[in-house]
Every structure is written in structure tokens, then in C-alpha cells.
Amino acid sequence: MDDATPDGSAITVEVVYADATRQIVRRLELPAGSTVMEAVTASELERDVRVGTIDPTRLGIFSRRVSPDQVLGQGDRVEIYRPLVLDPMEARRRRARRR
């Protein structure tokens, strides 16, 4: 996936968000050296999701949590993670009690 301009000044990335009912994928061309948060802002996903959904502490690239100032590479997939509805340990306790 080599969509960069010949002088390497642009990269192509995807920004994705998914909830229980839909998945939003935005493909963007950004200047080389752009950060994760710049990609999220450029995607304009804030307009399509509930206020407060996008938290700079819950971002990742290909399932690996990263900081908002992480510099992106060609073809990166920026993922916006949702907060957990239920703590995994609590979910496990509830399942164990039902058995």
C-alpha cells in the first residue's frame, strides 16, 4: 500500500471507530509526520459519534495502544477505542456466580 507522493510528503492512513451498531472508516491523505491525534481530527469523526466518545487516552494503531502524539506511518490504521461497559474481572465474577 504505497500511496505516498513521489517526494514522500504525504501518507495515506485510515481512522476507524466501531460501536455495537456500526463501523465508521475514514481514509485520509495527510502530510508525512502527522500524529495520531491530527488524523483523528482530520477524520472529522467527532461529528458522527456521541460527544465525549473520542478520548485521546484510548487510541491505537493496529490493536496496539499509542499516545496521541505518536507519528503515523504509511498505511497505519488509527483505531478509536470505546470505554469498557463492564470491567472484565467483574464480568468474569458474574459469569462464575451464574454457574
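Quantities reported herein were computed from a predicted structural model and do not represent experimental measurements. Along the sequence shown, residues carry numbers from 1.
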Next on the checklist: What I'd like to find out is whether the side chain of I80 reaches to under 4.5 Å of the side chain of L45, using heavy atoms alone.
Outcome noted: yes
Next on the checklist: So does T53 get a backbone contact from the side chain of R58, meaning a donor-acceptor N/O pair under 3.5 Å?
Outcome noted: yes
Once you round to the nearest 0.5 Å, how far does [atom1] of [X] lie from [atom2] of [Y]?
X   : Y   : atom1 : atom2 : value
E44 : L28 : CD    : CG    : 9.0 Å
T35 : L72 : OG1   : CG    : 6.5 Å
S43 : D48 : OG    : CG    : 8.5 Å
E90 : R95 : CD    : CZ    : 10.5 Å
D76 : I11 : CG    : CD1   : 7.0 Å

Next on the checklist: Could you check whether E79 pairs with R77 (Lys NZ or Arg NE/NH1/NH2 to Asp/Glu carboxylate O, under 4.0 Å)?
Outcome noted: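 Yes, charged N to carboxylate O under 4.0 Å.
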Checklist entry - Salt bridge check: are E46 and R26 linked by an N-O gap of less than 4.0 Å? => result no
Give a yes or no on whether [X] and [Y] share a hydrophobic cluster (residues Ile, Leu, Val, Met, Phe, Trp, Tyr; joining criterion: side-chain heavy atoms under 4.5 Å apart).
X   : Y   : value
V13 : Y81 : no
I24 : V36 : yes
M37 : V16 : no

Checklist entry - If you take all heavy atoms of R82 and A18, which pair is closest and at what distance? => result NE-O, 2.8 Å
Next on the checklist: Quick check: closest heavy atoms across P56 and P68, and the distance to 0.1 Å?
Outcome noted: O-CG, 3.4 Å
Checklist entry - What do the steps show when you test T12 against Q74 for side-chain contact (heavy atoms from CB on, under 4.5 Å), and what is the final call? => result CA-CA 6 Å; T12 302; Q74 173 61 26; 3.8 Å; yes
Next on the checklist: Working note: D19 + V49, criterion side-chain contact (heavy atoms from CB on, under 4.5 Å); need CA distance, chi angles, decisive distance, verdict.
Outcome noted: CA-CA 9 Å; D19 62 25; V49 297; over 6 Å; no
Checklist entry - Hey, mind stepping through V78 and Q70 against side-chain contact (heavy atoms from CB on, under 4.5 Å) and telling me if it holds? => result CA-CA 11 Å; V78 176; Q70 169 79 34; over 6 Å; no
